[in-house]
K.L.:
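First the structure, then my questions, so here it is.
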Amino acid sequence: MPNPLVVANWKMNGDRAFAGAFFSALDLSGVVADVAICPPFPYLMQVVESAGKMGSGKLSVGAQNVSAEEAGAFTGEVSADMLGDCGARYAIVGHSERRTLYGESSELVAKKFAAAKGAGLVPIICVGETLEEREAGRTLDVISAQLQAVVDHAGAESWRGVVVAYEPVWAIGTGKTATPEQAQEVHRFIRERLGEAGVETPLLYGGSVKGSNAAALFAQQDIDGALVGGASLDAKEFTGICRAAG
Ligand code: PGA
């Protein structure tokens, strides 16, 4: 069983003062799970420093996005090497907000995934279906295609040493969580798909995870942790989720 992992995705929220206050209120005593904080880019180094000061080997930092390119004339982009250089361990790729609001295709997500891996980062690749796709009974097909894009670009071997997050689009930021059974069904499917490649990676659930629903989700056999948006902006609430993970 992979070690539980709880990831905070602050999205485009917070400022320097928020980041400072967050770490003052975060209490990881007794937490068994690995924990990662993904702030907006400008606060990455501040958060790396704060996480280092907490002196917990379990706490690391990630980026919310990464360029598919290595270096060069790509205005506004941030490379995987730069993220590693700033102390990041993880990079989220393929978040549904990037796929839908910024038109990132599964092919581009696969390139970002490979770029992150190539630079020694751990990609956290997000997959998930829309409500329309779920209601049409296409959930597993959609997830399958999103996973296949990575295999096509980087090969099945590339699943080793990564994290996969299942985030149903209809559950993100809506307060509407997938039931533990709905999440488990998809996690089992992903586990089996990756298992065909002989790989066991941590599988996170994301979508309106809070202190009050985390334990029921983590009780499912194939849910190894969470990718937390809104509730990660409240250090106490986030601490509760980390505790629930183990
Ligand atoms: P949420 O976001 O917890 O606010 O639903 C999760 C995510 O987008 O990663």
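Read the numbers this way: they start at 1 and go in the same order the structure lists the ligands and their atoms.
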K.L.:
So with a 6.0 Å cut-off around CD of E70, is the heavy-atom count from everything else above 12?
P.N.:
no
K.L.:
Side chains of D27 and S29: any donor to acceptor distance under 3.5 Å?
P.N.:
yes
K.L.:
Polar pairs, ligand 1 vs protein, N/O only, below 3.5 Å.
P.N.:
residue, atom, partner, partner atom, Å
ligand 1, 2 (O), K11, NZ, 3.3
ligand 1, 3 (O), S208, N, 3.4
ligand 1, 3 (O), G229, N, 2.9
ligand 1, 4 (O), G230, N, 2.8
ligand 1, 5 (O), G173, N, 2.6
ligand 1, 5 (O), S208, N, 2.7
ligand 1, 8 (O), K11, NZ, 2.7
ligand 1, 8 (O), H95, NE2, 2.6
ligand 1, 9 (O), H95, NE2, 3.3
ligand 1, 9 (O), E167, OE1, 3.3
ligand 1, 9 (O), E167, OE2, 2.7

K.L.:
Between atom CD1 of I143 and atom CZ of R193, what is the distance when rounded to the nearest 0.5 Å?
P.N.:
10.5 Å
K.L.:
Would you call the rings of F22 and W10 parallel, tilted or perpendicular if under 30° counts as parallel and over 60° as perpendicular?
P.N.:
perpendicular
K.L.:
What is the distance from atom OG1 of T179 to atom CD of E181, rounded to the nearest 0.5 Å?
P.N.:
4.5 Å
K.L.:
Counting only heavy atoms not in K117, do more than 12 fall under 6.0 Å of its NZ?
P.N.:
yes
